[in-house]
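Excluded from the calculations below are hydrogen atoms, water molecules and symmetry mates; all remaining heavy atoms, backbone and side chain alike, are included. Each chain gets a letter, A, B and so on, in the order its sequence line appears, and its residues count up from 1.
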There are 2 protein chains.
Amino acid sequence: MTGIDDVARALGVSTATVSRALRGLPGVSAATRGKVLAKAEELGYVASSSAAHLASGRTMAMGVLLPLIDRWYFSSALEGVDRALRAAGYDMVVFSLGGTGLNRDRVFHRSMLRKRIDALLVMCMELTPEELAALQQLDYPNVTIGGYVDGLRNVSIDDGGAATDAMEYLIGLGHTRIAHVRGGGEYGIEFAVPQQREEAYRAALERHGLEARPQWLITGEFRFLESKLAAARLFDQPGERPTAVFASSDEMAFGVLVAAQERGIRVPEELSVIGIDDHEFAEPIGLTTVRQSPEDQGSYAAELLLGELQGAPRLATPPFQPHELIIRRSTAPPPSS
Amino acid sequence: MTGIDDVARALGVSTATVSRALRGLPGVSAATRGKVLAKAEELGYVASSSAAHLASGRTMAMGVLLPLIDRWYFSSALEGVDRALRAAGYDMVVFSLGGTGLNRDRVFHRSMLRKRIDALLVMCMELTPEELAALQQLDYPNVTIGGYVDGLRNVSIDDGGAATDAMEYLIGLGHTRIAHVRGGGEYGIEFAVPQQREEAYRAALERHGLEARPQWLITGEFRFLESKLAAARLFDQPGERPTAVFASSDEMAFGVLVAAQERGIRVPEELSVIGIDDHEFAEPIGLTTVRQSPEDQGSYAAELLLGELQGAPRLATPPFQPHELIIRRSTAPPPSS
DNA sequence: GTGAAAGCGCTAACAT
DNA sequence: ATGTTAGCGCTTTCAC
């Protein structure tokens, strides 16, 4: 594998010159720089990141810690992170917990500590006090995406605000019997988010003098299947049915939609459904939702860290990322009873 | 940050002993090893991967190159790769093209060449001859997942076989008017897969003396929305309608389902729909499909490479990964006309 | 079973 | 503008 000496020797210059030229540092004549670039290209030379790290202290890589990859929010956010890192010439190393609580300490006590990265993005994780301590001890620049961890900065939408927007919209349409499908805190995935949204649900009901019926608060684990099952149980309850369902995510809203459809409950005539996310499937299905962009949140968070690595002042409180109500066909005024 | 010397000094042993003890190498007494392990734990010492790489030649990291993260197959396969790597103590560095053709050469000529990884997994990519050459020149052990690249080994299901199973099932039910939604080769994503499935579709029709109508072969780009639009056009064509649709992926089958539903076409009474994948949503929706497990394919591929890095003989032709017909509610015999 | 020391391939400080 | 050189923090011979 061709090294910096090969390039230097081929040109009769020193390795320092090659290093400087390749990294665009000052102190190299245009002519020399040109020759170096050409020769490096010709020989297919690229610096070894390990050697560069050892010598410079920078790995040019960033880590992402997440509970699971294969979930809409996570993979979208990962895409955004990668986009920002790619543009900055950084590599992305991904630490997934794989959806289980196992391996957690392995990740915390081996991988992340291997000094492979310059900064760390923590995605939607609920950390134990020990893990938080371990993380802070590493003292990488870090930031959380889509999850509040005490003592860490967070990049996300205003979850309470987004949920409030959804509720106010339903209430504004005239709904008074509103159910809520909340997400769950499985696998140590973030729990502050579903909780904040639930609180906004309750607060909206209360603000408008509406009844919060315990049996209308159901749990969907942030998943389609679980939500469909929970919605089925909701619809099959004796007595009055809600005229609207506010789901804490689009995937869960899809579950509600399918459960309703299987029972012949017409949407939106008999039942309004609203979600949060603007998942790829939401538009084709006609789901009203509150849009957020995990991809933008990911790239914003990555850029934040990238900037700080380059000496930008530390931003103590990242601003809320935007959310927006998107009205489609799944919501309408309640049936005039 | 605590280094190997700190541990050695604290114990009054040499760095060589610490290194050996920590890596489980022979030539260390049980007593010494115990002390070293305890002290390392106490000091929170973990070897720097860069320094270890430089000295040993091994990075203990594997790269994954893919066109996009945020897509069912990709993120599931990534999860599987990560699972296998995690178990082996390897880290995963992800190179995404981000769904565009841009940055391709950046990835090929910078990131991947940085000697950050010991082996490379290439996921569902169509490579230019130059890229293939670049890749082979790197001479990382490598393997492809879910995409055939000339000259590289591939881990995937038997795509032709899977498509044949789907078609034979529909034909066995009595269908004679069968449409096909094929995937597309956008963004330089693999194109052999949709093509092989399409060929199996054609071959099955021909084998049974059924007509292949060009207007019944539509393209869904492996996406829900595009597939729904294409299916809508299909259903709105004048003349006879197909009684069954074979979609090359579940997400595209969902599009067909929604397009049918919007037109009041009853499934499965008037229209049977079958997909490939067994996407998370397939079961709750009742979609008949041919199951594959990208996660298992990912971990199989990773383990293959991991084994070879440890000296296992090179497997020239990885076996096909399993697929299985899963019959649900979206298929039935055609309406008796 | 253990230690000393020579690198691994770069970068950065210091010379020139 | 360019060269020299001392590390960066490990692993791995080679001695003992």
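End-to-end axis angle for the helix from C:dG1-D:dC16 to C:dT16-D:dA1, using five pairs per end and rounding to 10°, comes out at 30°.
The distance between atom CE of B:M1 and atom C1' of D:dC10, rounded to the nearest whole Å, is 15 Å. When rounded to the nearest whole Å, the span between CZ of A:R116 and P of D:dC8 equals 21 Å.
The side-chain contact (heavy atoms from CB on, under 4.5 Å) test applied to A:Q136 returns A:L132, A:L152, not counting sequence neighbours. Take A:A88 and apply the side-chain contact (heavy atoms from CB on, under 4.5 Å) test, not counting sequence neighbours, and it matches A:Y90, A:L306. By the side chain to side chain donor-acceptor pair (under 3.5 Å) test, A:S49 is found to be paired with no residue, residues two or more places apart in sequence or in another chain being considered. Every residue two or more places apart in sequence or in another chain that forms a side chain to side chain donor-acceptor pair (under 3.5 Å) with B:Y73 is listed here: B:Q297. With sequence neighbours left out, A:E295 forms a side chain to side chain donor-acceptor pair (under 3.5 Å) with A:R83. Annotation: side chain to side chain donor-acceptor pair (under 3.5 Å) contacts of B:T15 (sequence neighbours excluded): none.
At the phosphate of D:dT12, OP1 or OP2 sits under 4.0 Å from a side-chain N or O atom of B:R58.
The environment of CD in A:Q137 is sparse: at most 12 heavy-atom neighbours from other residues, nucleotides or ligands sit within 6.0 Å.
Listed by first and then second residue, the side-chain hydrogen bond (donor to acceptor under 3.5 Å, both in side chains) pairs that reach into residues 51-67 of chain A are A:H53-B:S50, A:T59-A:D118, sequence neighbours excluded. Residue pairs meeting the side-chain hydrogen bond (donor to acceptor under 3.5 Å, both in side chains) criterion with at least one partner in residues 298-316 of chain B, sequence neighbours excluded, are B:R153-B:E308.
Counting only heavy atoms from C-beta outward, the side chains of B:D6 and B:M1 never approach each other to under 4.5 Å.
Of all non-hydrogen atoms in B:L78 and B:M123, the two that sit nearest each other are N-CE, 4.0 Å.
Between B:D5 and B:R9 there is no salt bridge, since none of the side-chain N atoms of the basic residue sits less than 4.0 Å from a carboxylate O of the acidic one.
A heavy-atom distance below 4.0 Å to DNA chain C is reached by these residues of residues 5-15 of chain B, ordered by number: B:G12, B:V13, B:S14. Annotation: proximity of residues 20-38 of chain A to DNA chain D (heavy atom, distance under 4.0 Å) is found for A:R20, A:G27, A:V28, A:S29, A:T32, numbered in ascending order. Contacts between residues 40-57 of chain B and DNA chain C, defined by a heavy-atom separation under 4.0 Å, are made by B:L54, B:A55.
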Show your working on side chain to side chain donor-acceptor pair (under 3.5 Å) between A:R23 and A:S19 and close with a plain yes or no. CA-CA 6 Å; A:R23 289 181 299 147; A:S19 178; 3.1 Å; yes
